[in-house]
Structures are given as C-alpha cells and as structure tokens.
Amino acid sequence: MEENTNTTPSNFIRDIIEDDLKTGKHAKIHTRFPPEPNGYLHIGHAKSICLNFGIARDYKGQCNLRFDDTNPTKEDVEYVDSIQEDVKWLGFDWEDRMYYASDYFQKLYDFAVKMIKEGVAYVDNSTAEEMKNQKGTPTEPGTNSPCRERSIEESLDLFERMKNGEFEEGAYTLRAKIDMASPNMHMRDPLIYRIKKATHHNTGDEWCIYPMYDYAHPLSDWFEGITHSLCTLEFEIHRPLYDWFLDVLHLENRPRQIEFARLNLTYTVMSKRKLLELVTEKYVSGWDDPRMPTICGLRRRGYTPESIRNFADKIGVAKRDAMTDVALLEHGIREDLNKRAPRVMAVLNPLKVVITNYPDDLTEEMETINNPEDPSMGSRKIPFCKEIYIEQDDFREDPPKKFHRLYPGSEVRLKSAYIIKCNEVIKNDKGEITELHCTYDPETKSGGSSTRSVKGTIHWVSARHGKKAEVRLYDRLFVIEDPSSHEELSFKELLNPHSLDINENCFIEPELAKAKAGDKFQFMRMGYFCVDPLSTDEKLVFNRTVGLRDSWAKLEKKDS
RNA sequence: UCUCGAGUCGUCUAAUGGCAGGACAGCGGCCUCUGAAGCCGUACGUGGAGGUUCGACUCCUCCCUCGAGAACCA
C-alpha cells in the first residue's frame with residue numbers, strides 16, 4: 001500500500017474499533033475478507049475488501065483472505081484464482097494468511113462432537129419436508145423434532161457414521177438444540193451439518209459431511225483470532241446464532257460480528273446469481289465484459305484500482321440500505337484518469353477534410369503536449385497534411401445556435417495545428433456529405449506568434465498517417481436505476497439494447513498504434529479509453545471507460 | 001400478521017444533547033488551442049405527532065415508511 005496517506009473517512013465500525021483499542025478490549029485488530037468461491041468478485045465486494053483491509057492497514061492490524069467454501073456443489077477453483085487476482089489488483093495483501101474454511105473441517109467436526117456431548121446438538125433423521133413443517137412460520141412457533149431427545153450416545157454414533165459415509169444424502173443431519181419457538185427462525189434448531197457426497201475443490205473426497213455457514217463462520221473467525229467480523233446486513237438476523245455457537249463452546253476472546261449495508265449501484269445488478277445468469281445466457285461476453293460491475297469487468301473497462309479504492313472511501317459505510325449513483329463511480333475514474341492519462345486524438349466517426357490551399361506533398365510534425373495537468377509527461381509530434389479526418393459531429397451544415405464548430409463559412413482551430421475555414425461541402429448523388437473542402441491560415445500555426453483566436457477547437461487525425469482502430473462504446477447495462485425491483489419485468493427484460501456500440505472505422509493518431517493492452521488515454525473531447533486485452537497489432541481495439549462531461553450535449557438537449 | 005433492523009439535501013454520507021456540514025448530481029458564471037479540466041457562485045434535507053430539556057437529527061412514547069427473516073445456500 002502507499003505510505004501514510006490515510007484519508008479514509010471514519011464510520012461507525014471504525015468508531016467501535018477505536019473504542020475497543022482505547023478500552024483495551026483488543027490490543028490488535030484482526031479482520032478478514034471471506035468470499036465464497038462461487039462467482040467473480042464485484043464492486044460490492046470491493047467495498048468490503050477496502051473496508052476490511054483498510055481497517056487492518058489503518059489500525060496496524062491484519063486482514064486475512066479466507067475462502068468460505070463449505071458447499072462443494074457450488075464452488076470451484078476457477079473462482080478461487082480469480083478472487084486472489086482481483087484482491088491483489090485492488091492493491092491489498094494478505095501476506096501468508098490465505099485460508100479456507102475447509103482447512104478447518106477436522107476442527108469443526110471435533111467441536112461438533114463436543115456439542116453433542118454437551119447435549120446442545122443432536123442428529124436428526126427428519127426429511128427436508130418434515131423439517132420444513134417443524135420450522136413453523138415467522139408468526140407461528142415451530143414444533144420439536146421427534147429426534148430432539150435422542151440420546152447423546154446415539155447421536156454421537158450416528159454422527160460418526162454420517163462422517164464415515166454410511167448414509168445417503170439427506171438421510172441425517174446434525175442440528176443445534178436451541179428453541180423451536182424462537183421468534184428468530186434461525187434459532188429454531190438450525191442445521192449444523194448435512195451429508196453431501198460431492199467432491200470438494202480443496203479437500204477432494206475426504207469428507208462427505210459439510211458444515212453450514214452459520215456454524216463454520218463464527219468458528220473460522222475464532223480459529224483465526226478475528227476481532228471484528230464484518231458482514232452485510234442480511235446476516236444481522238444470524239448474529240444471535242453466531243454468538244450462540246461461541247457461547248455453547250465456551251470460547252474466549254470472541255470475535256464480534258458487525259453488519260453494514262451492502263453496496264447497490266444504479267443501472268446494474270449486484271447479485272452473483274443474476275450476474276451468473278447474464279454470463280451463462282450470453283447477455284454479456286463473460287465475467288469480464290466491460291459492462292459488468294465485476295472487478296475484472298471494471299478492470300477491462302479501464303477503471304484503476306485507485307479509483308475504486310477512492311470510491312469505496314467516498315461512499316462510506318453505514319447500516320441503512322442505500323442505492324449509490326453510478327455517477328459517483330464515474331466521477332472517481334475521471335478524476336484519476338484526468339491526472340494520469342495522456343491526451344491523444346482519435347476520430348470515432350470520420351468525416352474527410354481536404355485543405356485545398358495546403359501543399360500536396362507536405363507533412364508537418366506538430367508538437368503537442370501530452371497532458372496539460374502534468375507537464376512532466378512531456379510532449380510528442382503528430383503528423384499533419386492536406387487530408388485529415390474530423391468528427392462528423394463537429395460539422396453541421398445547418399448549425400444550431402451557439403454551435404462553435406465547423407459549418408459552411410465558419411472557422412475552427414484544429415488542435416495543435418491551424419485555423420481552418422469551411423468553404424465547400426461535397427456530397428454524393430444520394431445527398432450525403434462525403435467531404436469538406438477547407439482552407440487553412442498559414443499564420444496561425446500552433447505555438448506561433450499569431451494571436452488570432454476562434455471560438456471552437458476540434459480534434460483531427462491525418463488521413464494519410466492515421467491508423468484504423470475499433471472502438472467499443474459502453475453505456476449502462478440496464479435502462480432503469482434499479483432493475484431488480486421492477487414490479488412486472490425481470491432484470492433481463494430491462495437490459496439496455498444500446499449498452500454496447502461498436503465503431504469499427506475509427507482513426508487514431510499513428511503513435512497510438514504502439515499502445516499495449518491496458519494502456520489508458522484520453523481521446524481528446526471524447527472520453528477516456530483503454531486498450532482491450534484482446535487487441536492485436538492487426539486489429540486495435542479500444543474500450544471507452546467513461547465519456548468526458550459534455551456540457552454542449554447538455555445544452556443542445558435542453559434547447560431541443 | 002410476528003420478530004429484528006433502518007429512516008438527514010435528488011443520491012451517498014457527517015454531526016453521538018450545543019451553528020445541520022461534505023461529496024456526487026443540478027443550476028449560473030469565469031476561464032479555455034479539449035464545450036474537458038480548473039476556479040467562483042447558487043439552490044436543496046433531519047418521515048409524522050406528542051413529550052423531556054435553557055437547548056433535540058441526537059433521549060422517551062405512539063404512528064408512518066422502507067429493508068431483512070420460514071434453503072440440507074452463503
């Protein structure tokens with residue numbers, strides 16, 4: 001991590017931690033980030049990662065990476081690998097503390113035996129259906145299982161035989177003996193272990209019984225000496241159970257579970273199930289499709305780790321459900337890239353301009369600064385000649401009010417080159433504009449002594465030197481702010497049909513052909529773009545990370 | 001319906017009995033060889049009703065609204 005530039009704002013969790021440090025409840029803070037390896041990490045996980053690792057960093061503690069892998073049927077090493085990559089990319093380091101809940105299967109088993117011996121857990125052979133009926137409803141108490149009073153000896157024997165694989169899946173479970181009348185459904189004798197004859201990504205076929213989350217989690221935290229176990233709000237109702245396991249096992253130096261609101265972002269979905277559906281049903285190209293809110297998607301889109309960490313700091317941490325405006329994320333990446341991205345010129349929708357009074361065979365090398373925000377980034381040369389491309393949008397045959405760009409008879413400055421004047425509009429026989437004939441003013445070369453100024457400055461690329469490229473313009477994935485909460489339509493019916501617009505005939509300045517995968521640029525007046533990982537020398541592909549703020553577009557929209 | 005949790009500018013978030021503040025978004029202006037960036041300015045909020053108090057976003061009561069909870073998921 002970078003040196004002591006801790007500007008992370010405080011929040012209620014940090015308040016608790018500072019208090020625990022002050023009162024001496026803990027001498028050292030220990031947190032953990034506990035993903036289940038059943039999907040790719042998304043921006044919501046990034047919030048949790050920044051919270052947990054950020055706290056460890058700021059209070060000189062430690063944060064573990066722990067895979068919460070207690071359900072072999074859903075988990076896979078593909079996810080284990082991607083999660084590590086994403087956490088590292090975000091800039092955090094778990095050092096030698098990468099664990100699996102499955103590392104603790106033996107200890108977990110031993111503690112379960114202890115619970116049976118203490119009479120607080122029993123083996124049940126009720127079917128799933130019977131158990132559901134015993135459970136009751138939120139308004140009606142449940143009823144005790146007929147197995148609830150099974151003797152300790154018998155439960156011990158059955159539990160061991162469960163472990164030994166003597167029974168079929170579903171035949172037996174281990175349950176906690178708590179209170180079938182509790183108003184909290186999670187306390188109505190919840191399951192501790194179930195039989196699953198599945199191969200586990202980490203432990204293989206060593207086990208055929210697997211602990212449930214509610215049991216594995218508090219104990220895993222305790223094994224690792226976690227002091228503050230941070231999780232999202234939906235686990236709030238599980239907290240009494242979290243504490244119960246620690247209680248009945250008489251464990252000292254207990255971790256404390258604290259819940260905070262998960263991140264929701266406008267115009268996207270955040271549930272792993274929904275993201276998985278988008279991937280498997282091919283609504284997007286993969287987990288790393290740049291429209292996805294996944295960490296790998298954002299990375300491919302051109303987001304930087306700094307901008308995401310910054311975003312996490314800015315949104316804060318609280319207990320109330322919230323829906324954060326994606327504009328805040330976008331602001332963060334613009335802010336970061338504004339400082340770091342070199343400015344280059346690229347024409348996305350080319351319109352040819354012939355400068356009729358410019359020498360036929362001349363090429364001038366125009367000097368241009370790489371980033372006005374950072375002079376240390378230097379300058380470069382770009383070729384200029386008689387034939388150039390400009391953006392179609394920068395010309396209007398019939399200009400609206402306040403249009404500062406090219407139209408018949410008007411003058412604009414070509415960035416870092418000359419002022420040109422539009423004299424003639426050339427059309428084909430269908431009446432489409434194919435070319436503009438302009439003249440330039442040789443006295444107005446950039447950096448020269450001329451003080452003549454015009455209202456508009458536009459970007460351009462030499463038609464003889466520019467290289468072709470494909471540019472992918474991304475927009476929000478969904479058409480409404482909260483696609484998960486529409487009364488009638490499913491989220492998949494609310495996808496934005498224009499979320500990807502591929503532009504294959506773009507021209508970029510020649511220098512840009514050397515760019516490498518992941519390189520980031522500002523295409524002047526257009527937005528921030530990065531080289532796609534699958535881009536090749538033969539076919540250059542750029543992804544638009546985010547557009548520039550466009551007050552002209554806003555003005556024009558308002559006037560229409 | 002029951003239990004638990006949460007309600008502060010449009011959005012996110014501070015203020016922990018003592019001036020309701022910041023960020024994003026918005027609006028207006030300045031500047032500009034990027035209609036970008038930057039700079040300046042501006043508007044906007046404590047869910048409601050009572051109560052306690054010199055003083056309430058904060059404490060109490062009732063109400064309202066929203067979220068979570070009945071997987072051998074996490």
Side-chain angles (χ1 to χ4, degrees), chain A residues 9-12 15 34-36 38 68-71 73-75 124 126-128 131-132 135-142 169-175 182-186 188 190-196 209-210 212-214 216-217 231-240 259 261 263 266 272-273 314-332 334-335 338-339 343 345 368-369 372-373 402-405 412-417 419 444 446-447 453-459 481 522-527 547-556:
Chain A
S10 197
N11 56 57
F12 79 100
D15 290 346
E36 182 187 14
N38 69 342
D68 212 341
D69 54 351
T70 56
N71 185 354
T73 59
K74 288 191 177 171
E75 295 147 9
D124 198 328
S126 303
T127 64
M131 228 175 274
K132 192 183 168 172
K135 202 97 189 182
T137 71
T139 50
E140 300 160 66
E169 282 188 18
Y172 289 91
T173 58
L174 182 71
R175 296 178 74 178
S182 170
N184 182 344
M185 301 284 290
H186 295 280
R188 322 243 262 227
L191 256 48
I192 303 175
Y193 268 92
R194 78 286 212 193
I195 299 169
K196 268 188 195 286
I209 58 171
Y210 291 93
M212 302 292 288
Y213 165 86
D214 282 315
H217 207 89
C231 64
T232 44
L233 246 30
E234 68 268 27
F235 293 102
E236 198 160 30
I237 198 145
H238 295 241
R239 188 177 352 118
E259 311 84 13
L263 172 67
T266 54
K272 279 201 244 179
R273 193 207 90 224
K314 277 195 275 201
I315 56 175
V317 178
K319 283 200 77 138
R320 94 181 75 133
D321 290 304
M323 172 71 73
T324 298
D325 192 337
V326 72
L328 192 54
L329 218 211
E330 294 175 342
H331 173 262
R334 283 195 191 101
E335 190 178 39
N338 177 48
K339 286 179 290 192
R343 272 56 171 171
M345 294 202 275
T368 190
I369 192 141
E373 302 288 324
K402 295 183 189 163
F403 187 77
H404 299 158
R405 309 175 188 179
V412 290
R413 172 169 287 284
L414 296 174
K415 174 73 188 171
S416 300
I419 291 175
T444 57
S446 229
S453 83
V454 286
K455 202 77 176 148
T457 300
I458 64 173
H459 61 280
E481 283 198 354
Q522 185 196 94
F523 287 2
M524 286 199 127
R525 306 205 306 131
M526 303 307 288
L548 254 27
R549 284 183 63 208
D550 189 348
S551 52
W552 163 246
K554 214 181 277 179
L555 217 194
E556 198 183 18

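Computed from heavy atoms alone, side chains included, the values below leave out hydrogens, waters and symmetry copies. Here is the naming used below: chain letters follow the sequence lines, and residue numbers restart at 1 for every chain.
- In summary, the side chains of A/Asn184 and A/Ser182 do not present any donor paired with an acceptor at a separation below 3.5 Å, with no hydrogens or angles considered.
- Spacing of C1' atoms, B/rC39 relative to B/rU46, comes out at 32 Å, to the nearest Å.
- Nucleotides B/rG26 and B/rU11 are separated by 15 Å at their P atoms, to the nearest Å.
- Nucleotides B/rG45 and B/rU58, compared at atom C1', are 16 Å apart to the nearest Å.
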Using a cutoff of under 3.5 Å, can you pull out all pairs of nitrogen or oxygen atoms linking the protein to nucleotides 29-36 of chain B, with atom names and distances?
unit_1 : atom_1 : unit_2   : atom_2 : d
B/rC33 : O4'    : A/Thr457 : OG1    : 3.3
B/rC33 : O2'    : A/Lys415 : NZ     : 3.2
B/rC33 : O2     : A/Ser416 : N      : 3.0
B/rC33 : N3     : A/Arg413 : NH1    : 3.3
B/rC33 : N3     : A/Ser446 : OG     : 2.2
B/rC33 : N4     : A/Arg413 : NH1    : 2.9
B/rC33 : N4     : A/Ser446 : N      : 3.2
B/rC33 : N4     : A/Ser446 : OG     : 2.5
B/rC33 : N4     : A/Gly447 : N      : 3.3
B/rU34 : O2     : A/Gln522 : OE1    : 3.0
B/rU34 : O2     : A/Arg525 : N      : 3.0
B/rU34 : N3     : A/Gln522 : OE1    : 2.6
B/rU34 : O4     : A/Arg343 : NE     : 2.4
B/rU34 : O4     : A/Arg343 : NH2    : 3.2
B/rG35 : OP1    : A/Arg525 : NH1    : 2.8
B/rG35 : O3'    : A/Ser551 : OG     : 3.0
B/rG35 : O2'    : A/Ser551 : OG     : 3.4
B/rG35 : O2'    : A/Trp552 : N      : 3.4
B/rG35 : N7     : A/Arg405 : NE     : 2.9
B/rG35 : N7     : A/Arg405 : NH2    : 2.9
B/rG35 : O6     : A/Lys402 : O      : 3.4
B/rG35 : O6     : A/His404 : N      : 2.5
B/rG35 : N1     : A/Lys402 : O      : 2.7
B/rG35 : N1     : A/His404 : ND1    : 3.2
B/rA36 : OP1    : A/Ser551 : OG     : 2.7

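- When the side-chain contact (heavy atoms from CB on, under 4.5 Å) test is applied to A/Lys415, the partners found at least two apart in sequence or on another chain are A/Met345, A/Thr457, A/Trp460, A/Met524.
- The pair A/Arg239-A/Glu259 meets the salt-bridge criterion, with a side-chain N (NZ, NE, NH1 or NH2) lying under 4.0 Å from an Asp/Glu carboxylate O.
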Seminar exercise, completed: Per-nt protein contacts along nucleotides 65-74 of chain B (heavy atom under 4.0 Å; B base, S backbone sugar-phosphate only, - none) come out as --S-BBSBSB
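- Distance check on atom P: B/rU8 versus B/rA74 gives 33 Å, rounded to whole Å.
- For the pair A/Arg320 CZ and B/rG45 C1', the interatomic distance rounds to 11 Å; values are reported in whole Å.
- Spacing between atom CD of A/Glu335 and atom P of B/rC24 amounts to 7 Å, rounded to whole angstrom units.
- Atom C1' of B/rA25 sits at a distance of 8 Å from the matching atom of B/rG10, rounded to the whole Å.
- At distances below 3.5 Å, not a single donor-acceptor pair connects side-chain atoms of A/Arg343 with backbone N or O atoms of A/Thr368.
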Could you list the protein-to-nucleotides 20-23 of chain B atom pairs, N/O on both sides, closer than 3.5 Å?
none

Exercise. Can you give the dot-bracket line for RNA chain B, using ( ) for pairs inside the strand, [ ] for pairs that cross earlier ones, | for pairs with another strand and . for unpaired bases, where Watson-Crick and G-U count if both distances are under 3.5 Å?
Worked result: .((((((..((((....[..)))).(((((.......)))))....(((((..]....))))))))))).....
For this session: Decide yes or no on side-chain contact (heavy atoms from CB on, under 4.5 Å) for A/Thr266 and A/Thr324, but give the supporting numbers first.
Result: CA-CA 6 Å; A/Thr266 54; A/Thr324 298; over 6 Å; no
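- For A/Glu556, the salt bridge (charged side-chain N to carboxylate O under 4.0 Å, His left out) partners are A/Arg396, not counting sequence neighbours.
- The gap from the C1' atom of B/rC9 to that of B/rA15 amounts to 15 Å, rounded to the nearest Å.
- A search for ring pair (Phe, Tyr, Trp, His ring centres under 6.0 Å) contacts involving A/Tyr172 returns A/Phe167, not counting sequence neighbours.
- Under the salt bridge (charged side-chain N to carboxylate O under 4.0 Å, His left out) criterion, A/Arg188 pairs with no residue at all, not counting sequence neighbours.
- Within the model, atoms CG of A/Leu174 and CZ of A/Arg194 stand 12.0 Å from one another, a figure rounded to the nearest 0.5 Å.
- In this view, A/Phe403 and A/Trp552 satisfy the ring pair (Phe, Tyr, Trp, His ring centres under 6.0 Å) rule, not counting sequence neighbours.
- For A/Asp214, there are no salt bridge (charged side-chain N to carboxylate O under 4.0 Å, His left out) partners, not counting sequence neighbours.
- Distance, A/Phe12 CZ to B/rA15 C1': 17 Å, rounded to whole Å.
- Looking at residues two or more places apart in sequence or on another chain, you find a ring pair (Phe, Tyr, Trp, His ring centres under 6.0 Å) between A/His186 and A/His238.
- In this structure A/Lys272 satisfies the salt bridge (charged side-chain N to carboxylate O under 4.0 Å, His left out) test with no other residue, sequence neighbours excluded.
- Spacing between B/rC19 and B/rG55 at atom P, rounded to whole Å, works out to 15 Å.
- For the pair A/Asn71 and A/Glu36, the tightest heavy-atom approach, listed with the atom from each and the gap, is CB-OE2, 4.1 Å.
- For the P atoms, the distance from B/rC60 to B/rG7 is 13 Å, rounded to whole Å.
- Note on A/Lys554: a side-chain N or O is less than 4.0 Å away from OP1 or OP2 of B/rC27.
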